[in-house]
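Notes follow once the structure below has been shown.
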Amino acid sequence: MINNMSAIVQNLKVLMIKYPVVRGMVSYSCIWPTSSLIQQTIEGKTWDNYDWWRVLRFSLYGGFFVAPTLYSWIKVSSAMWPQTTLGTAVTKAAVETISYTPAAMTCFYFIMSLLELKTIGEAAAEVGKKFWPTFKIGGIVWPIVATVNFYLIPERNRVPFISVCSLIWTCFLAYMKHLQHHQIDEEGNFPLISQ
């Protein structure tokens with residue numbers, strides 16, 4: 001039994017080295033549901049009443065959607081701007097902020113709503129209500145994180161680095177996802193603590 005487990009762990013290690021996207025998928029499959037649990041704990045839930053389906057949705061979305069799309073974006077941006085200068089890092093961060101980030105936020109609200117078995121209309125309405133408030137915060141946070149990622153972190157470690165950084169960000173996304181539409185006012189403002 002111990003030898004079988006050791007072989008499985010060794011094979012997984014080889015797989016993650018050979019295919020970096022798998023490393024990102026594994027890390028996002030763990031970090032995203034962890035963020036959901038942190039957000040639910042802040043919300044006042046405990047082990048007895050956590051929404052485990054919500055946790056599962058975060059794991060599936062993080063592992064099977066976010067990690068592969070982020071990995072692809074990093075590969076494309078590295079091919080377009082192969083240098084690791086500060087100027088290149090700032091350029092990549094700016095392009096990411098106006099291309100990948102809006103798409104990622106839209107997909108987050110839309111796909112997570114569909115995973116909650118909401119209709120396409122309900123998913124689109126959630127995107128419409130929550131996109132701008134989320135993007136305003138993300139537009140401040142992610143250019144800084146992306147610049148550090150593209151300038152200081154080796155390419156093979158960029159997805160895991162971003163996944164660690166996204167732990168806090170995903171707590172915020174979990175908070176925003178859990179907000180009801182009526183809790184966001186017409187200017188796109190939202191309460192810091194759900195009531």
Side-chain angles (χ1 to χ4, degrees), residues 23-71 73-74 96-97 100-146 148-149 158-195:
R23 184 174 37 195
M25 291 174 75
V26 169
S27 66
Y28 270 68
S29 292
C30 297
I31 288 172
W32 275 59
T34 300
S35 294
S36 177
L37 288 170
I38 291 169
Q39 184 273 329
Q40 289 187 55
T41 301
I42 292 169
E43 187 181 298
K45 294 190 180 234
T46 63
W47 188 263
D48 296 330
N49 63 353
Y50 282 132
D51 182 343
W52 294 105
W53 289 111
R54 188 188 325 174
V55 172
L56 177 62
R57 287 190 298 270
F58 270 79
S59 181
L60 293 172
Y61 184 79
F64 292 102
F65 185 82
V66 176
T69 60
L70 183 58
Y71 176 80
W73 160 248
I74 288 172
E96 181 177 298
T97 300
Y100 179 81
T101 302
M105 287 180 193
T106 299
C107 289
F108 170 73
Y109 288 121
F110 195 81
I111 294 171
M112 289 293 280
S113 293
L114 294 179
L115 289 174
E116 292 172 339
L117 304 178
K118 292 181 179 177
T119 67
I120 290 174
E122 290 169 326
E126 184 160 354
V127 171
K129 191 71 171 182
K130 295 180 179 178
F131 174 83
W132 282 113
T134 308
F135 187 73
K136 285 190 278 187
I137 303 295
I140 294 167
V141 171
W142 283 108
I144 296 165
V145 171
V148 168
N149 191 37
R158 288 181 183 159
V159 170
F161 171 78
I162 287 293
S163 67
V164 170
C165 293
S166 76
L167 178 69
I168 295 170
W169 175 251
T170 306
C171 288
F172 173 70
L173 287 180
Y175 164 75
M176 288 297 292
K177 178 70 181 107
H178 188 65
L179 281 180
Q180 299 300 317
H181 292 250
H182 68 273
Q183 292 175 290
I184 301 172
D185 67 24
E186 295 304 316
E187 288 79 40
N189 297 317
F190 51 89
L192 289 178
I193 298 176
S194 287
Q195 299 167 4

Can you name the residues that form a side chain to side chain contact (heavy atoms under 4.5 Å, CB included) with Val145, not counting sequence neighbours? Val141, Trp142, Phe161, Ile162, Cys165
If every non-hydrogen atom of Ala174 is compared with every non-hydrogen atom of Ser35, which pair is closest and at what distance? CB-O, 4.5 Å
Who passes side-chain hydrogen bond (donor to acceptor under 3.5 Å, both in side chains) against Ser36, sequence neighbours left out? Gln40
Which residues satisfy the salt bridge (charged side-chain N to carboxylate O under 4.0 Å, His left out) test with Arg23, sequence neighbours excluded? none
So, using side-chain hydrogen bond (donor to acceptor under 3.5 Å, both in side chains) as the criterion, who are the partners of Ser113 when residues are at least two apart? Glu126, Lys177
What's the spacing between Glu43 CD and Asp51 CG if we round to 0.5 Å? 8.5 Å
If you take all heavy atoms of Ala146 and Glu96, which pair is closest and at what distance? CB-OE2, 3.7 Å
To the nearest 0.5 Å, what is the distance between OG1 on Thr170 and CD1 on Ile31? 8.0 Å
Inter-residue atom distance Arg54.CZ - Met112.CE, 0.5 Å rounding: 9.0 Å
Mind running side chain to side chain contact (heavy atoms under 4.5 Å, CB included) on Leu115 and Trp53 for me, showing each step along the way? CA-CA 10 Å; Leu115 289 174; Trp53 289 111; over 6 Å; no
Is there a side chain to side chain contact (heavy atoms under 4.5 Å, CB included) between Leu70 and Tyr100 once you walk through the steps? CA-CA 8 Å; Leu70 183 58; Tyr100 179 81; 3.6 Å; yes
Under the side chain to side chain contact (heavy atoms under 4.5 Å, CB included) test, residues paired with Ile120 that sit two or more places apart: Phe110, Leu114
Residues Trp32, Leu173; criterion side chain to side chain contact (heavy atoms under 4.5 Å, CB included); working and verdict: CA-CA 10 Å; Trp32 275 59; Leu173 287 180; 3.9 Å; yes
By ring pair (Phe, Tyr, Trp, His ring centres under 6.0 Å), which residues pair with Phe65, not counting sequence neighbours? Tyr61
Partners passing side chain to side chain contact (heavy atoms under 4.5 Å, CB included) against Thr46 (at least two apart in sequence or in another chain): Asp48, Asn49
Please evaluate residues Trp169 and Thr134 with respect to the criterion side chain to side chain contact (heavy atoms under 4.5 Å, CB included), reporting the C-alpha separation (whole Å), side-chain torsions for both, the decisive distance (0.1 Å), and the verdict. CA-CA 10 Å; Trp169 175 251; Thr134 308; 4.0 Å; yes
Taken in chain and number order and not counting sequence neighbours, the residues that satisfy side chain to side chain contact (heavy atoms under 4.5 Å, CB included) with Ile38 are Thr34, Ile42, Leu167, Cys171
To the nearest 0.5 Å, tell me how far Leu60 CG sits from Ser29 OG. 7.5 Å
So which heavy atom on Tyr28 is nearest to which on Gly62, and how close? CB-O, 3.1 Å
Got a sec, which residues hit ring pair (Phe, Tyr, Trp, His ring centres under 6.0 Å) with Tyr109, two or more places apart in sequence or on another chain? none
For the atom pair CZ (Phe58) and CG (Leu37), what is the distance rounded to the nearest 0.5 Å? 10.0 Å
Taking only residues two or more places apart in sequence, or in another chain, which ones meet Tyr50 in a ring pair (Phe, Tyr, Trp, His ring centres under 6.0 Å)? Trp52
Give the minimum heavy-atom separation between Pro143 and Gly138, together with the two atoms involved. CD-O, 3.5 Å
Kindly compute the distance separating CD (Glu116) from CZ (Arg57), expressed to the nearest 0.5 Å. 4.5 Å
